[in-house]
Amino acid sequence: MALQAETTIATRLVTNDKNTCPQCQAWLLAPNWSEYLDERRVRHTWSCEACGYEFETAVFFSAAEAVAA
């Protein structure tokens with residue numbers, strides 16, 4: 001009988017496959033730095049421990065929609 005925790009961890013790793021190094025494809029846990037630019041933009045800086053590659057990504061959020069009363 002397999003432990004449930006082992007299955008949960010494996011599933012989470014599969015869903016986080018977007019955080020990979022573009023140079024060597026190593027999995028990255030979190031950015032080194034995140035910078036709030038404004039209410040719609042965040043910049044992340046990353047570095048790969050496996051190959052030393054450093055890069056930046058940006059996240060753009062959609063504009064908040066006005067709520068009708």
Side-chain angles (χ1 to χ4, degrees):
M1 178 177 183
L3 294 175
Q4 175 123 7
E6 291 176 5
T7 305
T8 302
I9 290 169
T11 302
R12 286 183 188 157
L13 290 175
V14 170
T15 60
N16 290 327
D17 64 349
K18 294 180 182 178
N19 296 339
T20 57
C21 173
Q23 190 73 23
C24 74
Q25 308 308 314
W27 184 70
L28 305 172
L29 178 62
N32 294 347
W33 178 263
S34 295
E35 181 180 3
Y36 173 83
L37 300 173
D38 60 38
E39 56 276 344
R40 295 185 57 200
R41 297 181 301 152
V42 176
R43 180 184 311 150
H44 301 298
T45 59
W46 303 79
S47 64
C48 179
E49 292 183 9
C51 72
Y53 187 68
E54 296 180 353
F55 62 100
E56 291 185 359
T57 59
V59 179
F60 298 92
F61 300 100
S62 60
E65 296 180 21
V67 179

Side-chain touch P22/Y53, heavy atoms, less than 4.5 angstrom: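 Side chain of P22 against side chain of Y53, heavy atoms only: contact under 4.5 Å found.
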
Nearest heavy-atom neighbours spanning [X] and [Y]:
X	Y	answer
S47	N32	OG-ND2, 2.6 Å
H44	S34	ND1-OG, 2.7 Å
N19	L29	ND2-O, 4.0 Å

Distance check, rounded to the nearest 0.5 Å: E35 atom CD versus R41 atom CZ?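 Here the rounded value is 9.5 Å.
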
So how far is it from C21 SG to W46 CH2, rounded to the nearest 0.5 Å?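 With rounding to 0.5 Å, SG (C21) is 11.0 Å from CH2 (W46).
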
Quick check: does any side chain N or O of R40 sit under 3.5 Å from a backbone N or O of F61, one acting as donor and the other as acceptor?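 Such a contact is found between R40 side chain and F61 backbone.
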
